[in-house]
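Here is the structure we will look at.
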Amino acid sequence: MIESPSSPPLLHHYGAITPVSGAEIHHPTNGPALEGCQLPVIDLSGLSSDDERKQKACALAIARASSEWGFFQVVEHGISHELLKKMRSEQMKLFQTPFERKSSCGLLNNSYRWGTPTATCPNQFSWSEAFHIPLTKISDPDCYGEFTSLREVMTEFAAAMSKLAKLLAGVLAENLGHSPQVFDDMCEESTCFLRLNRYPACPLSPDIFGLVPHTDSDFLTILYQDQVGGLQLLKDSKWVAVKPNQHALIVNIGDLFQAWSNDTYRSVQHKVMTNERQERYSIAYFLCPSFDSLIGSCQEPSVYRKFTFGEYRSQIQEDVKKTGRKVGLPRFKLTPPFNSQQKEIGSI
């Protein structure tokens, strides 16, 4: 395998924790995924319709998908194809930068990460690289170096994704009888993020994770992905492969929304599998609250005790450091008491 100058040394790192040759590399992924899963597709133009019945039907579809799947796709979402195309082009140029420069020059708030430095075994390793930048830094010229055209496009893209995320969060809140503005003050730019992902081709094995199984530690995530595929989610205890839809953005519920909704909405475990021949690109927007925001269930009796986002993040980091895995929401359930032997939700 010959790596390009832009690729991080994933092969070297993976080989260091895998004492076998590349041809023998294999690790379990909970069985083969069912191919071609079609997530619910929701036309968001219904929310702005003059027909009240269409508005209600669209809102109900969003709530139902969030409860039954924890994932859904949206079309007619208000983000132009031209903007998405520009963002993808700028993202690709960024990741084609030589690895030594990406990893050392402080681009995008010095947020470049690759692989999994803490991994001690193959099933903790992610074959990918990413920039994970808070919204507050996206407009900062000092973050971009010579990538001046990226700043303008990324600023517009982040604003559009933020508007969409708050719209969807408001619909889900209103479905439970709360104000659609309930998250406006809670979710700040300082804790909301964009994550730019690249999953290099991995000829070693199709069973290597591009991103390890996990749930998202936010309210909700919006994903713009290419057509390569690789995203899988856990549905009815089986892994299903999500079929790419070039016209849609993917939305998934995070841990905080599951806790806030008292388990009405579901934060579902998902992962990315590598492709042997093609690299894959995606961009995720994470709607997160401030660290001191109190997350409490919106209904009684409450499934979870009250906790702050900062407390939740600290507990995740502590668990990952001790066990290599995220435990997540079970740590905060009121009853039954958390059992250290129960199945863990996944990794960050």
According to the interplanar angle, ranging from 0 to 90°, do the rings of Tyr14 and Trp127 count as parallel (below 30°), tilted (30 to 60°) or perpendicular (above 60°)? perpendicular

Using modelled atom types and a 3.5 Å cut-off, is there a donor and acceptor pairing between side-chain atoms of Ser179 and backbone atoms of Gln181? yes

Got a donor-acceptor contact below 3.5 angstrom from the Ser67 side chain to the Ala63 backbone? yes

Can you tell me which residue pairs pass the salt bridge (Lys or Arg N to Asp or Glu O under 4.0 Å) test with a partner in residues 228-237, sequence neighbours excluded? none

Please confirm whether the backbone N or O of Ile138 pairs with a side-chain atom of Tyr144, one donor and one acceptor, at under 3.5 Å? yes

Indicate yes or no: at least one non-hydrogen side-chain atom of Phe257 is less than 4.5 angstrom from one of Ile295. no

Between Ser128 and Ser126, a side-chain donor and acceptor under 3.5 Å: no

For Thr274 and Gly210, indicate whether the former's side chain and the latter's backbone hold a donor-acceptor pair under 3.5 Å. no

Going by an N to O cut-off under 4.0 Å, is there a salt bridge joining Asp255 and Lys326? yes

For the side chain of Asp51 and the backbone of Arg53, is there at least one donor-acceptor N/O pair under 3.5 Å apart? yes

Could you check, using the six-membered ring where one of them is a Trp, whether Phe193 and Phe286 have ring centers closer than 6.0 angstrom? no

Quick check: is Ile208 connected to Ile17 through a chain of hydrophobic side chains (ILVMFWY, heavy atoms under 4.5 Å apart)? yes

Return yes if some donor-acceptor pair links the side-chain N/O of Asn109 with the main-chain N/O of Ile133 below 3.5 Å, else return no. no

Proximity of Tyr312 and Phe307 rings by center, below 6.0 Å: yes

Can you tell if the side chain of Tyr265 reaches within under 4.5 Å of the side chain of Leu176, non-hydrogen atoms only? yes

Thr323 (side chain) donor-acceptor with Val320 (main chain) under 3.5 angstrom: no

Could you list the residues that satisfy side-chain hydrogen bond (donor to acceptor under 3.5 Å, both in side chains) with Glu318, not counting sequence neighbours? Lys322

Considering only residues two or more places apart or on different chains, which pairs with a residue in residues 55-74 satisfy salt bridge (Lys or Arg N to Asp or Glu O under 4.0 Å)? Glu52-Lys56

Walk me through it: do Glu129 and Lys102 pass the test salt bridge (charged side-chain N to carboxylate O under 4.0 Å, His left out)? CA-CA 10 Å; Glu129 57 179 333; Lys102 284 184 291 191; 2.9 Å; yes

Any donor-acceptor N/O pair, His214 side chain to His270 backbone, under 3.5 Å: yes

Donor-acceptor contact below 3.5 Å, side chain Ser297 vs main chain Ala259: yes

I'd like to know whether the aromatic ring centres of Phe131 and Phe95 sit less than 6.0 Å apart in this structure. yes

